[in-house]
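Take a look at the structure set out below.
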Amino acid sequence: MAPEYAYSGATARVRRRIDRMLWSDPPDEPPDELRRAQDMLRRAGTVLAVATLTLMLLLSLRP
């Protein structure tokens with residue numbers, strides 16, 4: 001029976017790699033569709049923050 005923990009003398013399992021990447025790893029880059037969606041959400045968050053601040057400013061100046 002092999003030791004369970006590395007500090008108990010177990011050796012690390014060697015996995016097949018391609019250029020520092022495991023065979024089962026997903027690609028590092030997100031798909032273009034996800035990047036576009038993230039950009040749109042980032043812009044929407046900025047617009048929403050500016051609109052909220054503008055509305056609060058206008059409401060505070062109202063007599």
Side-chain angles (χ1 to χ4, degrees):
M1 186 165 156
E4 187 174 330
Y5 301 106
Y7 62 81
S8 65
T11 59
R13 290 189 305 179
V14 177
R15 296 182 179 175
R16 293 179 63 184
R17 291 179 179 262
I18 295 179
D19 192 42
R20 295 177 282 142
M21 188 172 172
L22 291 174
W23 280 96
S24 61
D25 285 348
D28 289 338
E29 296 294 322
D32 290 336
E33 183 179 289
L34 178 61
R35 266 195 230 156
R36 278 186 262 125
Q38 287 174 336
D39 289 340
M40 287 174 54
L41 285 172
R42 193 174 298 119
R43 283 190 295 265
T46 303
V47 169
L48 185 60
V50 170
T52 303
L53 289 174
T54 305
L55 181 64
M56 290 297 176
L57 180 65
L58 291 174
L59 289 176
S60 67
L61 295 176
R62 194 174 178 191

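When reading the values below, keep in mind they use all heavy atoms of this one structure, side chains included, and skip hydrogens, waters and symmetry mates. Along the sequence shown, the residues carry numbers beginning at 1.
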(request) Quick one: name the residues clustered hydrophobically with L61, using the 4.5 Å side-chain heavy-atom rule over I, L, V, M, F, W, Y, and just say none if it's on its own. (result) L57
(message) Suppose the criterion is side chain to side chain donor-acceptor pair (under 3.5 Å): which pairs have a residue in residues 41-63, not counting sequence neighbours?
(response) D39-R42
(message) Distance check, rounded to the nearest 0.5 Å: E33 atom CD versus R36 atom CZ?
(response) 6.5 Å
